[in-house]
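Okay, structure first, notes after.
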Amino acid sequence: MNKQISAMFYEMADILDFLKILWKPVAYRRAAMNISGLGRDLGEMYNEKGLRALQEIPGVGKAIAKKIEEYIKTGRMREYSELQRKMPKGLLELMNIPGLGARKAQVLYKQLKIKSISNLRNAIEQHKVCAVSGFGEKSEQNILKGLDILKRKGERILLSEAVPIAEMLANALKTVEGVETVDIAGSVRRRKETVKDIDILAISSSSTVIDAFCSMANVKEVIAKGPTKASVFLNEGIACDLRVIPKKSYGAAMNYFIGSKEHNIALRKIAIQKGYKLSEYGLFSRKTGKFIAGRTEEELYKTLGMQYIEPELREARGEIETAQKCKLPEIITMQDIKADIQMHTTFSDGNNTVEEMAARAGKCLQYIAITDHYGKLKIANALDAKRFQRYSKAIDSARKKNSITILKGLEVDMDKEGRIECEASVLKQLDFCIASVHRAFTMSKEEMTKRICRAMENPFVHCIGHPTGRVIFKRDGYAIDFSKICEKAVQTSTALEINAYPERTDLDFGMIRKAIESGVKLVIGTDSHNIDDLRFLEYGVANARRGWCEKKNVLNCLPVNKFLKEIKH
Ligand code: DGT
Ligand code: CA
Ligand code: ZN
């Protein structure tokens, strides 16, 4: 429900922009952003407390709340349909291409009469687009990239969207009569950053669990249904499979369906070397066909002569060899985390106050860094020296009212050369300073590497935020020489961030591992823009686990006094 409504508001904002209507688009985008970040289902909130609950969402006033109500009640939104009618057919589709944007889409629409994605592909093939003023060879390449991303987007969703759906389904299935065990498998269990479909396994004494699954409220369509397996497509726009497994082979089935496929294949090879045959039904003797193991995963790994391997590590990237040598790292857990080191408030582009963020974070953390934007980033309402004074005071006063320790931080911009866009007099007042790239993304690998390295050389900079700048489904990261970045990070004692914001997940798991091997200190930050985003910490930890990260590699596992000592140059 949230996903559809937020997509509708985004689309309405684009149309209103096209119609040259002022202010309204900003309001719709703000509402859309906050709805997509909500931890709860709008329908549920409305059922409990009506319109009032909706109006409590930041950015949702009475008018927008009414539209949400209309959609919840009727499955339609009149204004949305009316706006769509005001829009030339095809243009909307063009406007949604990542990297093209509403303005440029309109230029192509008017000048080249491009009315669909296939029109656009043809025009690029014939090099018509680069002839339009304001476009070039490079724009053609970028549009093609955008089209590829769009195609991928239809197929996968973010982990953070899949996990709540998977958990909701699994919990509901646990209450069905005859059900003994329910577990989430597949890429969701491995905590991969994007997910194609949700895989659920169950042990059950009766097949009523299949009926219950197929008649869940959010099932849009039953794709397949048999006595031990069903596939459905959910209202949320993702497919889900349920398999009922006999108790005896549950561990083997879990192992198979958690994957990854590559991990499974490597494991089967080991089984063969040892005279076994491994399948989703169990581990069998190749000679006699006798069942050897398969009730639990632990038993399976042990019989194959290796340590148990956590699902997040199962990507066939050396985890099997390492487990055979009994050398797997003891990977980080949520309990190890003492702080969240990146979040924004109403002082820049966040939706909650310093106090609200501190109060929510105080429920599970020992300290936080408030890190509003500072610099020239106008769209993020970045602070300047004058407004910093008020910001600083607000943090001081929140410190008095909250038991959680609040570090005074900033996320500062760096210019094209890597100069920090913040006065030394301000930097001096900070406990924690993150430097990030937020604009001028297109430069050569060498230039970008130099830029970030120069920022790290600034003695006031403690950390580089979202180091590659990628936004999943929207843009790839900028090119960097990551070995050089790691080297400089070690040399200058600058931490690299594992940004937990689901669209970012930046560093990714491969880079985390490389950073650790290079001796780089890491920090995990949620980059929260409202109190509900603070829950993203678990995805940052999951990604760190995928990167073989231990507690000792992450500075915000330290108590605050040690943290402050470690981050100083
Ligand atoms: P995705 O694409 O996000 O759904 O990723 P997975 O890993 O959940 O992939 P999925 O749903 O196609 O399959 C679930 C698991 O089943 C997968 O992780 C490993 C196992 N599996 C699927 N196909 C094969 C296969 O052809 N061979 C082997 N050995 N395992 C497979
Ligand atoms: Ca899957
Ligand atoms: Zn940022």
Side-chain angles (χ1 to χ4, degrees), residues 152 154-159 161-163 165-166 169 183-201 229 231-234 238-243 245 252-272 277-281 311-316 341-344 348-350 369 371-377 379-383 409-414 421 433-439 441 452 455 463-472 477-478 497-501 503-504 506 525-529 533 546:
R152 264 186 284 156
E155 291 164 5
R156 305 188 72 83
I157 69 169
L158 286 173
L159 176 68
E161 290 168 18
V163 167
I165 302 168
L169 290 171
D183 279 292
I184 297 165
S187 50
V188 178
R189 182 60 174 266
R190 300 198 313 281
R191 293 296 191 254
K192 197 176 157 144
E193 57 260 67
T194 65
V195 166
K196 180 198 66 192
D197 63 3
I198 297 170
D199 303 277
I200 299 180
L201 302 192
K229 192 194 155 192
S231 292
V232 299
F233 197 77
L234 303 172
I238 188 167
C240 180
D241 290 351
L242 170 69
R243 291 178 183 82
I245 310 286
M254 280 294 284
N255 190 251
Y256 181 87
F257 288 110
I258 288 177
S260 63
K261 185 174 161 186
E262 292 72 19
H263 176 88
N264 291 353
I265 291 169
L267 216 52
R268 283 174 181 200
K269 273 197 195 133
I270 307 258
I272 289 169
K277 185 179 167 290
L278 176 63
S279 74
E280 61 264 49
Y281 305 107
E312 292 93 332
L313 303 180
R314 299 183 195 170
E315 297 293 343
I341 58 82
Q342 174 162 198
M343 63 188 70
H344 301 269
S348 63
D349 59 350
T371 57
D372 271 302
H373 289 283
Y374 190 102
K376 293 182 182 161
L377 203 64
I379 47 164
N381 188 25
L383 294 164
L410 283 177
E411 184 186 20
V412 296
D413 281 328
M414 59 177 91
E421 293 180 327
C433 175
I434 303 170
S436 309
V437 172
H438 285 122
R439 59 196 153 82
F441 298 123
I452 296 171
C463 166
I464 299 295
H466 42 78
T468 78
R470 76 147 165 189
V471 181
I472 297 174
Y478 31 78
E497 183 190 37
I498 298 173
N499 190 294
Y501 204 80
E503 269 106 357
R504 290 197 181 270
D506 175 11
T526 60
D527 207 347
S528 288
H529 286 71
D533 289 353
R546 284 169 62 75

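The residues of the chain are indexed from 1 along the displayed sequence. In listed order, ligands and their atoms are each counted from 1. For clarity, every value in this text was computed on a predicted model and none was experimentally measured.
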Quiz item: Does the protein place any heavy atom closer than 4.0 Å to atom 6 (P) of ligand 1?
Solution: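 Looking at atom 6 (P) of ligand 1, one finds that a protein heavy atom does lie closer than 4.0 Å.
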Exercise. For atom 29 (N) of ligand 1, decide whether some protein heavy-atom distance is shorter than 4.0 Å.
Key: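 True for atom 29 (N) of ligand 1.
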Element-labelled atoms of ligand 1 that are located less than 4.0 Å from some non-hydrogen atom of [X]:
{"X": "R190", "value": "7 (O), 18 (O)"}
{"X": "G259", "value": "17 (C), 18 (O), 19 (C)"}
{"X": "I258", "value": "18 (O)"}
{"X": "G186", "value": "8 (O)"}
{"X": "V195", "value": "3 (O)"}

Flag for [Y]-[X]: side-chain donor and acceptor within less than 3.5 Å:
{"X": "Q342", "Y": "H466", "result": "no"}
{"X": "S348", "Y": "N381", "result": "no"}
{"X": "S436", "Y": "E411", "result": "yes"}

Heavy-atom distances under 4.0 Å are what count here, so tell me which part of [X] touches ligand 1: side chain, backbone, both or neither.
{"X": "D199", "result": "side chain"}
{"X": "N264", "result": "side chain"}
{"X": "K192", "result": "neither"}

Quiz item: Would one find an N or O of D197, backbone or side chain, under 3.5 Å from an N or O of ligand 1?
Solution: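 By distance alone, the answer is yes.
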Quiz item: Taking both backbone and side-chain atoms of S187, is any N or O found less than 3.5 Å from an N or O belonging to ligand 1?
Solution: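 Yes, there is a polar N/O contact under 3.5 Å.
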Are any of the side-chain nitrogens in [X] or [Y] under 4.0 Å away from the carboxylate oxygens of its partner?
{"X": "E421", "Y": "R439", "answer": "yes"}
{"X": "R470", "Y": "E193", "answer": "yes"}
{"X": "K376", "Y": "D413", "answer": "no"}

Quiz item: To the nearest 0.5 Å, what is the distance between CG (L201) and OH (Y256)?
Solution: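 It comes to 11.5 Å.
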Self-check item: Separation between OG1 of T371 and CD1 of I434, rounded to the nearest 0.5 Å
Solution: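 Here the interatomic distance stands at 4.0 Å.
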Quiz item: So between K261, H263, E315, R314, whose heavy atom ends up nearest atom 26 (O) of ligand 1?
Solution: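 Of the listed residues, K261 has the closest heavy atom.
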Quiz prompt | Shortest heavy-atom approach to atom 12 (O) of ligand 1 - which of R156, K196, R268 | solution =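 Answer by nearest heavy atom: K196.
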Exercise. Give the atom name of whichever N/O/S atom in D197 sits closest to the Ca ion (ligand 2).
Key: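 Among the N, O or S atoms of D197, the one closest to the Ca ion (ligand 2) is OD1.
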Exercise. Restricting to N/O/S, name the atom of D199 that gets closest to the Ca ion (ligand 2).
Key: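 Result for D199 and the Ca ion (ligand 2): OD2.
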Exercise. Indicate if the distance from the Ca ion (ligand 2) to the nearest N, O or S atom of D241 falls below 3.0 Å.
Key: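 Given the 3.0 Å cut-off, D241 does not count as a ligand of the Ca ion (ligand 2).
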Self-check item: Y501 and its side-chain contact (heavy atoms from CB on, under 4.5 Å) partner, picked from T526, D533, D506, V471
Solution: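 Testing Y501 for a side-chain contact (heavy atoms from CB on, under 4.5 Å) against T526, D533, D506, V471 leaves exactly one candidate, D533.
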Quiz item: How are the rings of H344 and H529 set to each other: parallel, tilted or perpendicular (split at 30° and 60°)?
Solution: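 Aromatic pair H344/H529 classed parallel.
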Quiz prompt | Heteroatom N/O/S of D527 within less than 2.8 Å of the Zn ion (ligand 3) | solution =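 For D527, the answer is no, given that no N, O or S atom comes within less than 2.8 Å of the Zn ion (ligand 3).
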Quiz item: Has H373 got an N, O or S atom lying less than 2.8 Å from the Zn ion (ligand 3)?
Solution: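 So H373 does not bind the Zn ion (ligand 3) by this criterion.
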Quiz item: Under the 3.5 angstrom rule, does the side chain of R243 hit a backbone N or O of I200 as a donor-acceptor pair?
Solution: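 The answer is no, because no donor-acceptor pair under 3.5 Å joins these two groups.
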Quiz item: About how large, to 10 degrees, is the angle OE2 of E411, then the Zn ion (ligand 3), then NE2 of H438?
Solution: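 The two atoms form an angle at the metal of about 90°.
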Quiz item: Considering all heavy atoms of both residues, which atom of M343 and which atom of A369 are nearest to each other, and what is their separation?
Solution: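 Here M343 and A369 meet closest at CG-O, 3.4 Å.
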